[in-house]
Undergrad: 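Okay, handing you the structure first.
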Amino acid sequence: MNQLLILDYGSQFTQLIARRIREERVYCEIHPPTVTVDWIREWAPRGIILSGGPASVYDADVPRIDPALLALGVPVLGICYGMQLIAQLRGGNVLAGRREYGRAEIVIERSDELFEGFHAGETIAVWASHGDHVDEVPPGFTRLATAPDNPVAAFRAQDAPIFGVQFHPEVAHTPRGDEILSNFAFRICGCEPDWTAGSFIEDALGRVRDQVGDRNVICGLSGGVDSSVAAALVHRAIGDQLTCIFVDTGLLRKAERENVERTFRRHLGARLVVVDAADRFLEKLAGVDDPEEKRRRIGDTFIRVFESTAREAGNDAAFLVQGTLYPDVIESMSVRGPSAVIKTHHNVGGLPEDMPFELIEPLRELFKDEVRHVGRELGLPEELVGRHPFPGPGLAIRVIGDVTPERLDVLRDADAIYLEEIQAAGLYDDIWQAFAVLLPVRSVGVMGDYRTYESVVALRAVTSRDGMTADWFPFPPDVLGRMAARIINEVKGVNRVCYDVSSKPPATIEWE
Ligand code: XMP
């Protein structure tokens, strides 16, 4: 099949490999290195990439490769730890302990196949991040690139399409890394660049129809990009078998319910039921200040609301559509184990075990920007497709600490002014996500001649490509000043505004 398999040995860059390959319009998936060779044979990839990883080939209990994988006759590219595994398996020398992190230079020695388009003797900049390195090529291998501190920067087997690079071609700091990955995908593996939004939609329609048959489906609509695109796709596949449910959780932004209803009715054409469940959610959240407990209770309440709504509507729905995306899927199956799960995104983690619906997740192979392409291809308007992401638990994780109707109102007002000013400054599309957060502290201020002792609002705006890493957005000072002044003057109960200048990592985008 025209697809590549990426085996994830735990590198922080594994997702980037998938992104780069998808940008070449080749379909690929990330799987753990524990998949069997029989499974791989059946999945029939045109090539396999072994990612980097934090382990050393000399450690016990580390993920390895089945020797049979190298005998499949399918091209293999090992990156960093992946290369070291190949080297060790084939009798090369892997030297432990000389670390190399950051920018480095290598000299290309052979400019065929993997380095097609480069020339022999050329020096290129690469990004290195390794503790061990391959010091000597295994018997039957040829060196393709070298560096003073890194004698075997790249190699290949003489009798099989097995390649290794010690550096990371997938990161932006390896400026010509995309050419190397493209050479692997097209020249070595013979892939075709056929992965497009249109081809994805074609396949997805068939898959949804096969899964659903003539049964009924409900879709929880959040008003965000993911659930809207998922709903539009499933609606195109099965028409009236789909009922969309928009739950007013009482945790929505100002005027969100009206906006979603209007946009939905105008552009999606599917049946829509709007449920007012604010009391149920707020009751469940009363007195809860732990972020994960908030998520768990919200996930559970969503399902109970879907259940009762479907029952009341006389709808015997067997399926629930979720807008789960690929980063959530990868996080939940990480080889790094449960300790690497930072937040339980309710799309994947917060659902109750006794859920009465089978899930349909038509976007689970896509990254956010790909979802936006699919949305446009399905004819959804830019105002919907270009919206900032909004988390399922809504304002509950932006009112830090106890969630009460009064505190939600304060946050909603501050947040609305903030977004209004961002729109007015023409900056909305430059920002990945922007929102206000209500802090659980009070601060002293002076208004008129009176002392005040009121709430603090933090503003957050970040740039990002996929939400996995993010940087704070540098607002012009006059815009920031105007936002703060308006919030303090217009929102009763707030006397101080702060701007969050943390990047992710080490912070996360949301505060909870
Ligand atoms: P973090 O805070 O993990 O957020 O850096 C990354 C992206 O995920 C969104 N997010 C969530 N989405 N349920 C969701 O559906 C959640 O519980 C949740 N927590 C965070 C966040 O808004 C950002 O876009």
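In each ligand, atom 1 is the first atom listed, and ligand 1 is the first ligand listed. In what follows, every heavy atom counts, from backbone to side chain, and hydrogens, waters and symmetry copies are set aside. This structure is a prediction, so every number in the text was calculated from the model and none was measured.
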Undergrad: Could you pull out all residues at least two apart from Gln423 that satisfy side chain to side chain donor-acceptor pair (under 3.5 Å)?
TA: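 Gln423: no side chain to side chain donor-acceptor pair (under 3.5 Å) contacts found.
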Undergrad: Does an N or O from Gly392, backbone or side chain, lie closer than 3.5 Å to an N or O of ligand 1?
TA: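 The answer is yes, given that Gly392 and ligand 1 share an N or O pair closer than 3.5 Å.
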Undergrad: For atom CD of Glu283, is the number of surrounding heavy atoms from other residues, nucleotides or ligands below 6.0 Å larger than 12?
TA: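 No.
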Undergrad: Which atoms from ligand 1 have a heavy atom of Thr508 less than 4.0 Å away?
TA: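 Going through ligand 1 atom by atom, the ones under 4.0 Å from Thr508 are 1 (P), 2 (O), 5 (O).
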Undergrad: Report the residue from Val437, Asp289, Val399, Ile400 that forms a side chain to side chain contact (heavy atoms under 4.5 Å, CB included) with Glu512.
TA: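 In the set Val437, Asp289, Val399, Ile400, the residue that makes a side chain to side chain contact (heavy atoms under 4.5 Å, CB included) with Glu512 is Ile400.
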Undergrad: Are any of the N/O atoms in Glu512 less than 3.5 Å from those in ligand 1?
TA: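 No; every N/O pair is 3.5 Å or more apart.
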Undergrad: When only distance counts, is Ile397 in polar contact with ligand 1, meaning an N/O pair under 3.5 Å?
TA: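 No - when backbone and side-chain N and O of Ile397 are compared with those of ligand 1, no distance drops under 3.5 Å.
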Undergrad: Does the plane of the ring in Phe473 sit parallel, tilted or perpendicular to the ring in Phe475? Use 30° and 60° as the thresholds.
TA: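 Plane angle over 60°, so perpendicular.
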Undergrad: Using salt bridge (Lys or Arg N to Asp or Glu O under 4.0 Å) as the criterion, list what pairs up with Asp409, not counting sequence neighbours.
TA: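 For Asp409, the residues satisfying salt bridge (Lys or Arg N to Asp or Glu O under 4.0 Å) (neighbours in sequence not counted) are Arg412.
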Undergrad: Show me which atoms of ligand 1 lie under 4.0 Å from any heavy atom of Lys504.
TA: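 So the answer, numbered in order with elements, is 1 (P), 3 (O), 5 (O), 6 (C).
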Undergrad: So is there a nitrogen or oxygen of Arg295 less than 3.5 Å from a nitrogen or oxygen in ligand 1?
TA: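 Min N/O separation from ligand 1 is below 3.5 Å for Arg295.
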